[in-house]
Amino acid sequence: MRPEVLFPLFAPIRSLSGIGPRLEKLVEKLAGPKVVDLCWHLPVGLVDRRRRPKIAEARDGEIATMEIQVGLHVPPRLKRLPYRVHVHDETGEMQIVFFNVHGDYLAKAMPEGSTRVVSGKVEFYQGQPQMTHPDHIVAPEELASLPLLEPIYPLTAGVTLKPLQKAIRAALDRVPELPEWQDGPWLKARGFGPWRSSLMAAHMPDSFEELDPDAPARARLAFDELLANQLALGLVRLRMRRLPGRVVEGDGHLRAKVTAALPFALTGAQVRALAEIDADMVSDRRMLRLLQGDVGSGKTVVALLAMLTAVEAGFQAAMMAPTEILARQHHASLVPLCEAAGVKLELLSGREKGARRAAILQALATGEIDILVGTHALFSEDVAFKALALAVVDEQHRFGVHQRLQLQSKGGTGTDILVMTATPIPRTLTLTAYGDMDVSKLTEKPAGRKPVDTRALPLERLDEIVDGLHRALARGAQVYWVCPLVEESEDLDVTAAEDRYNSLQTIFGDTVGLVHGRMKAAEKDTAMARFEAGETRILVATTVIEVGVNVPTATVMVIEHAERFGLAQLHQLRGRVGRGADKSSCLLLYQTPLGETAAARIKIMRETEDGFRIAEEDLRLRGAGELLGTRQSGLPTFRLADVERQGDLLAAAYDDARMILDRDPELESERGKALRVLLYLFERDEAIRYLRSG
Ligand code: ADP
Ligand code: MG
């Protein structure tokens, strides 16, 4: 249960004065639905109103705060013309200008003959200073209420600064004192203050320097957030560890058969990763391991060999893929190897229905099936294994932590988990998302891979590309032609792909195939199968082929509107070629004019095929939050911390979390109790459930 002291922060924003139904919706989109979300909405700039010139000293374009005497009001003759108020001080005269003045507002705000302090932007018009719509108009005795340094917040269409400032001030008024969860000496060493005053200072900076993420107030808040993240991951990890694992020890007889059937020798990296996995499986603790390897580094075969160990030991194994195509492809590629070893392999996706499905479930429950490959259909209630010892999750970035836990629960006692990701994730992000997992890396690619020749061309040169395709096809090449996602509309990108398919078909005839996300599963299979068999030679596709698809004979990748793709995605797509013996190429077709970021992405693609370097560059270009499309990736988003810039804070949070959980795994000490509040504050409630007295 959330501690009561936090209740005011988790009230809906509509409970704040000044937030009506209209503003509520907009602010909710901008910051979030709760009071605490407004607290995390930090200023990005400051309006500096400290300059206090006399009229004669005012400069064109500056923000100034000026004490003036109000003179004559001159209402407009026509509605659309401005309302002018003449003002003066001992040095000169100026005009305050208003449009669309309603009622007697101005007569009240600045009555003739009164003294007022106005603050706003000075502009010169025909040599005369004037101020249009001052931001503040106050009487001299109210001067204290005029913020001389005013925070500027990120805005969205329909929300202006003033009401947002007001709402945030109201939110800050609700902020309680909370027990200190950080280590006192550490705070001191860093020059950090208490949480509440840090939050206030972050919203009311006294200088531009204090807007810097490394300024003490902001850094403290960022550290709090990172610690909550690391602590939550640490708690999940502890719980996993606490659950007993199984000792799974194979005798190697199946592995020997499959290895003999492989047309290649394992790379050193594959051998090392397998040894790490074996050691985990044979121990009586449960395995929670991430197998990280760039596209084409050969993760699948590592997974298969690990699954064979489970089968050798008399257990079952499962492998889950994020898409139907990928699940089918894994199944198809594993069938011959499993047959060679006499291992029973089955496929389960949303498409196995009725009697067929019942038969599979039956065989699974009796233990007749050794290895089950599938989609998230593996999560269904009625799927029950006889003895699941190892669950492999492929292409992890499509799944979140929840699903990981869910699959694990299928195993009953102590199922080992191996998560595979093809997306190279920079070290800092690995820590934030997988701080709870051990990591094996495939750092070396199978021998014989040829570099992919990557070129970039403007879309206007489509004719040349078509000519090039004629030549490539004459040489026997197979081609992927990828059409982009159209602004979040699946229908539109399907249309784009269909249009391209039609236009290529008029040129290349029946050798052109099409696959996209809206096709029926069986149609997708057929399209993929025909391409794999070489019946179609050009496969027009949406990004459904982004993840994992393996057709080694394909050697040309055309990416249309490459400027619309992220770096990680381009890298994934390019990874579909360069898998066989022949030389491959990748054509990035872009729309001119090319924006700066898109140009930088394309340049990096041309420079390197190193997935880790590409991921680092991606992080630099886009920022951590956006990398991989955070939402679907299961990677955490941070409201306050910038993991790219604040790697040192992240490392400190990682160490701190480990130390805390070593000493006080149930968070029962004084500091432990305060840390529970921290977890709730950052909505890591999930993690609290893992505590005995959560
Ligand atoms: P990914 O890591 O992207 O999932 P895959 O497992 O799909 O990569 O492997 C890509 C290709 O490399 C497959 O055709 C696979 O058979 C092949 N492969 C895997 N390991 C090796 C190896 N040691 N030597 C040569 N080819 C390999
Ligand atoms: Mg793969």
Side-chain angles (χ1 to χ4, degrees), residues 255 258-275 277 289-308 319-323 325-341 345 371 373 392-399 418-425 439-452 478 480 528 531-534 543-555 557 568-582 584 586 609-612 614-615 628:
R255 241 191 217 187
V258 167
T259 314
L262 285 174
F264 48 75
L266 296 183
T267 64
Q270 285 170 322
V271 172
R272 278 191 298 277
L274 258 178
I277 293 166
R289 184 169 287 278
L290 179 73
L291 177 61
Q292 203 179 32
D294 203 355
V295 264
S297 57
K299 294 182 290 296
T300 319
V301 69
V302 174
L304 173 62
L305 295 175
M307 292 195 289
L308 290 177
M319 180 158 161
M320 186 174 68
T323 65
I325 287 186
L326 198 53
R328 282 184 188 270
Q329 187 188 280
H330 276 323
H331 178 255
S333 70
L334 297 184
V335 162
L337 294 169
C338 286
E339 272 175 1
L345 177 76
I371 299 178
V373 172
V392 180
V393 184
D394 192 15
E395 313 294 355
Q396 154 79 9
H397 70 275
R398 298 276 168 122
F399 298 107
L418 179 67
V419 172
M420 308 198 291
T421 174
T423 306
I425 301 169
V439 180
S440 295
K441 278 188 183 171
L442 296 182
T443 44
E444 160 191 6
K445 286 205 186 176
R449 290 281 152 78
K450 303 213 170 49
V452 178
Q478 277 184 286
Y480 290 108
M528 289 307 298
F531 187 62
E532 275 192 74
T543 46
V544 291
I545 64 153
E546 176 194 343
V547 162
V549 170
N550 188 26
V551 181
T553 48
T555 53
M557 168 64 64
Q569 227 175 355
L570 291 174
H571 177 64
Q572 282 283 331
L573 287 169
R574 181 171 60 185
R576 301 304 114 214
V577 296
R579 297 183 154 230
D582 295 329
S584 295
C586 175
E609 278 184 70
D610 175 346
F612 284 93
I614 287 177
L628 319 171

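Values below: all heavy atoms of this structure, side chains included; hydrogens, waters and symmetry mates excluded. In each ligand, atom 1 is the first atom listed, and ligand 1 is the first ligand listed.
The atoms of ligand 1 that sit less than 4.0 Å from any heavy atom of T267 are 23 (N). Taking a cut-off of under 4.0 Å to the non-hydrogen atoms of K299, the atoms of ligand 1 that pass are 1 (P), 2 (O), 3 (O), 4 (O), 6 (O), 8 (O). Close contacts of ligand 1 with T300, meaning ligand atoms under 4.0 Å from a residue heavy atom, involve 4 (O), 5 (P), 6 (O), 7 (O). Close approach to S297 involves these atoms of ligand 1, each under 4.0 Å from a residue heavy atom: 2 (O), 8 (O). Per-residue contacts place L266 under 4.0 angstrom from the following atoms of ligand 1 (heavy atoms of the residue considered): 23 (N).
In this structure, A265 is part of the shell of residues with a heavy atom less than 4.0 angstrom from ligand 1.
Taking the side chain as every heavy atom from C-beta outward, T555 and V577 never approach each other to under 4.5 Å. Considering only heavy atoms from C-beta on, D294 stays 4.5 Å or farther from I614 through its side chain. Considering only heavy atoms from C-beta on, V392 stays 4.5 Å or farther from H330 through its side chain.
When the heavy-atom distances from atom 24 (N) of ligand 1 to G293, P446, P552 are ranked, the shortest goes to P446.
Polar contact check, G296 against ligand 1: a nitrogen or oxygen pair lies under 3.5 Å apart.
The minimum heavy-atom distance between P322 and L326, with the atom names listed, is CD-CD2, 3.7 Å. The minimum heavy-atom distance linking A261 with A340 is given by the pair CB-CB, 4.1 Å. Contact record, L442 with A269: CD2-O, 3.4 Å, taken as the closest heavy-atom pair.
Counting heavy atoms closer than 4.0 Å to ligand 1, residue Q270 contributes side-chain atoms (C-beta onward) but none from N, CA, C or O.
Among L418, V302, L291, the one residue that satisfies the side-chain contact (heavy atoms from CB on, under 4.5 Å) test with S440 is L291.
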